[in-house]
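A note on names: the letters A, B, ... follow the listed sequences, proteins ahead of strands, and every chain is numbered from 1. Below, each value reflects all heavy atoms present in this structure, side chains not excepted, and no hydrogens, waters or symmetry copies.
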Protein chains: 2
Amino acid sequence: MQRTGAAPRTDTRSRVQKVALELFAEQGYEKTSLREIAERLGVTKAALYYHFRSKEDIVHSFTDDYFDAIDAVIDWGKAQPPGDATRREIFDRYITIVLAGAEVFRFIEQNRASMQSMDSVKERFGRFRSRLDTMVDLIAGPDGPLRDRVRAAAALFAASTTCMHFWGTETDVDDLRAIIFEIATDLTS
Amino acid sequence: MQRTGAAPRTDTRSRVQKVALELFAEQGYEKTSLREIAERLGVTKAALYYHFRSKEDIVHSFTDDYFDAIDAVIDWGKAQPPGDATRREIFDRYITIVLAGAEVFRFIEQNRASMQSMDSVKERFGRFRSRLDTMVDLIAGPDGPLRDRVRAAAALFAASTTCMHFWGTETDVDDLRAIIFEIATDLTS
DNA sequence: GTCTATAGACGGATAGAC
DNA sequence: GTCTATCCGTCTATAGAC
């Protein structure tokens with residue numbers, strides 16, 4: 001059976017994304033050079049520049065989807081009537097995203113400083129910046145008491161950090177999801 | 001009144017620490033050059049090398065105290081009989097440390113990747129590495145059920161991240177402390 | 001689409017004068 | 001304790017051949 005479709009034959013681009021994400025998350029964005037990524041793939045640096053405009057561009061290629069997903073949750077939440085059911089649904093969707101993009105999320109956690117200096121330069125102004133505040137507003141209300149706001153933030157932080165911390169261990173994903181969801185509702189009931 | 005004591009007159013060393021911590025936390029460890037730190041202080045790079053052996057050494061100079069404090073809590077916890085009272089005391093001490101060293105903690109959070117590649121090189125093996133696992137063992141027991149372990153981790157993560165997130169705002173520290181403590185006990189009762 | 005070669009800049013660190 | 005001057009390594013990015 002011969003290949004006939006329009007699918008790329010080598011798909012170097014996605015291989016670059018995969019390796020870059022691994023290395024960036026593992027040893028950090030700044031400490032990982034394009035030379036290292038190229039070597040790992042058996043190509044040269046110049047080849048990377050055919051697929052991506054810059055080193056930062058590689059990052060954007062796998063973070064954009066992630067942030068779009070978060071934005072979708074925020075937009076959905078804004079359109080809903082505030083209340084306990086909406087809150088639960090926001091957490092459910094949020095946890096799904098974090099679990100699905102755990103490796104991307106781990107990269108972000110490990111490279112907070114690098115991320116922040118990226119968006120300050122570029123026109124993607126608030127792309128990497130406190131979406132979290134918006135979600136806190138959504139959960140605790142913009143004028144809610146401090147306790148509610150701190151607990152909402154804690155729920156979101158706890159969800160993402162525990163997910164990241166237990167991801168990749170022998171832990172069952174569905175068990176983890178249930179436990180995290182319980183934590184989030186306990187903190188914002 | 002003339003100075004007579006043994007106190008250093010200029011105390012460049014501590015000024016370096018202060019500026020470095022600020023810049024490292026703000027824009028990242030790798031992105032901050034020694035030239036930049038020196039310029040901000042009105043001295044030259046070479047002057048920094050009189051006070052510190054290397055760039056990493058500056059980091060260690062303000063993280064060592066922090067980690068020693070965490071270790072002290074761990075050691076104390078290990079010597080106590082497991083139970084609810086010990087748990088509460090661990091959280092209380094932990095929150096105190098995090099609140100007191102909020103800026104150092106923020107630096108660590110922002111530069112996770114850089115931190116991890118430091119201790120892998122040096123003889124300070126686990127210095128920056130999962131102390132957190134040890135604390136989870138202390139709180140949930142080494143063989144506790146997954147739910148307890150995840151919740152213990154969540155409590156610790158929540159404490160440190162919310163502390164960092166609300167630190168520097170107009171939030172009252174004692175209010176914050178009480179709220180965080182409540183979260184921690186809610187999650188591990 | 002991938003290569004070689006290189007430009008161009010900046011980093012950490014050291015030597016040695018003062 | 002701070003300076004000037006410099007070494008040497010590495011990095012991102014580009015030009016241009018194949």
Side-chain angles (χ1 to χ4, degrees), chain A residues 3 5-24 26-63 107 111 113-115 117-122, chain B residues 3 5-24 26-63 107 111 113-115 117-122:
Chain A
R3 302 181 41 97
R9 304 170 313 293
T10 54
D11 201 19
T12 302
R13 194 188 143 92
S14 63
R15 289 173 63 229
V16 172
Q17 286 177 314
K18 190 171 181 298
V19 169
L21 179 54
E22 267 175 37
L23 290 177
F24 289 164
E26 201 176 296
Q27 51 185 320
Y29 173 75
E30 324 274 352
K31 277 207 149 67
T32 304
S33 67
L34 296 182
R35 181 189 51 73
E36 191 175 359
I37 295 170
E39 264 174 16
R40 187 108 138 201
L41 287 168
V43 297
T44 61
K45 266 198 301 177
L48 304 186
Y49 278 95
Y50 173 81
H51 296 282
F52 301 94
R53 254 176 282 170
S54 66
K55 192 184 178 186
E56 281 196 23
D57 196 43
I58 301 177
V59 171
H60 292 307
S61 79
F62 55 70
T63 52
F107 158 78
N111 295 278
S114 305
M115 292 304 93
S117 36
M118 280 189 205
D119 57 333
S120 64
V121 177
K122 316 193 65 126
Chain B
R3 301 180 41 94
R9 304 170 313 293
T10 54
D11 201 20
T12 303
R13 194 187 143 93
S14 63
R15 288 172 63 228
V16 173
Q17 287 177 315
K18 191 171 180 296
V19 168
L21 180 54
E22 266 174 38
L23 291 177
F24 289 164
E26 200 176 295
Q27 52 185 337
Y29 173 75
E30 324 273 353
K31 277 208 148 70
T32 304
S33 66
L34 296 182
R35 181 190 50 74
E36 192 175 359
I37 295 171
E39 264 175 16
R40 188 108 137 198
L41 287 168
V43 297
T44 61
K45 266 199 298 177
L48 304 186
Y49 278 94
Y50 174 81
H51 296 283
F52 301 94
R53 254 176 283 170
S54 67
K55 193 183 179 187
E56 281 197 22
D57 196 42
I58 301 178
V59 172
H60 292 308
S61 78
F62 54 69
T63 52
F107 158 77
N111 296 278
S114 304
M115 293 303 95
S117 35
M118 280 188 204
D119 57 334
S120 64
V121 177
K122 316 193 67 126

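- Two residues are said to be in side-chain contact when any heavy atoms from C-beta on lie closer than 4.5 Å; B:Arg13 and B:Phe52 meet this criterion.
- In this structure, OH of A:Tyr49 is placed 17 Å from C1' of C:dG1, rounded to the nearest angstrom.
- Salt-bridge formation is not detected for the pair A:Glu36/A:Arg40: no Lys NZ or Arg NE/NH1/NH2 atom is positioned less than 4.0 Å from an Asp or Glu carboxylate oxygen.
- The nearest whole Å value for the distance from the CZ atom in A:Arg35 to the P atom in D:dT10 is 8 Å.
- Rounded to whole Å, atom P of D:dT12 lies 12 Å from atom CD of B:Glu30.
- The ring-ring contact (aromatic ring centres under 6.0 Å, His included) test applied to A:Phe62 returns A:Phe107, not counting sequence neighbours.
- Taking only side-chain nitrogens and oxygens, B:Thr12 comes nearer than 4.0 Å to OP1 or OP2 of D:dT2.
- Rounded to whole angstrom, the span from the CD atom of A:Glu36 across to the P atom of D:dG9 amounts to 19 Å.
- With contacts defined as side-chain heavy-atom distances shorter than 4.5 Å, the pair A:Phe24/A:Ile37 qualifies.
- The phosphate of C:dT2 has neither OP1 nor OP2 within less than 4.0 Å of any side-chain N or O from A:Tyr50.
- In this structure A:Ala38 satisfies the side-chain contact (heavy atoms from CB on, under 4.5 Å) test together with A:Val43, A:Leu48, sequence neighbours excluded.
- Closest to the side chain of B:Ser33, out of C:dG12, C:dA13, D:dA13, is C:dG12.
- Contacts of residues 41-48 of chain A with DNA chain C (heavy atom under 4.0 Å): A:Gly42, A:Val43, A:Thr44, A:Ala46, A:Ala47.
- B:Glu39 has its CD atom 13 Å from the C1' atom of C:dC10, to the nearest Å.
- Between the CG atom of B:Leu34 and the C1' atom of C:dT14 there is a distance of 13 Å, given to the nearest Å.
- Two residues are said to be in side-chain contact when any heavy atoms from C-beta on lie closer than 4.5 Å; A:Glu30 and B:Tyr29 fail this criterion.
- A straight line from CZ of A:Phe52 to C1' of C:dT2 spans 15 Å, rounded to a whole angstrom.
- With a 4.5 Å cut-off on side-chain heavy atoms, A:Met115 and A:Val59 count as touching.
- Atom C1' of nucleotide C:dT14 and atom CZ of B:Arg53 are separated by 15 Å, given to the nearest angstrom.
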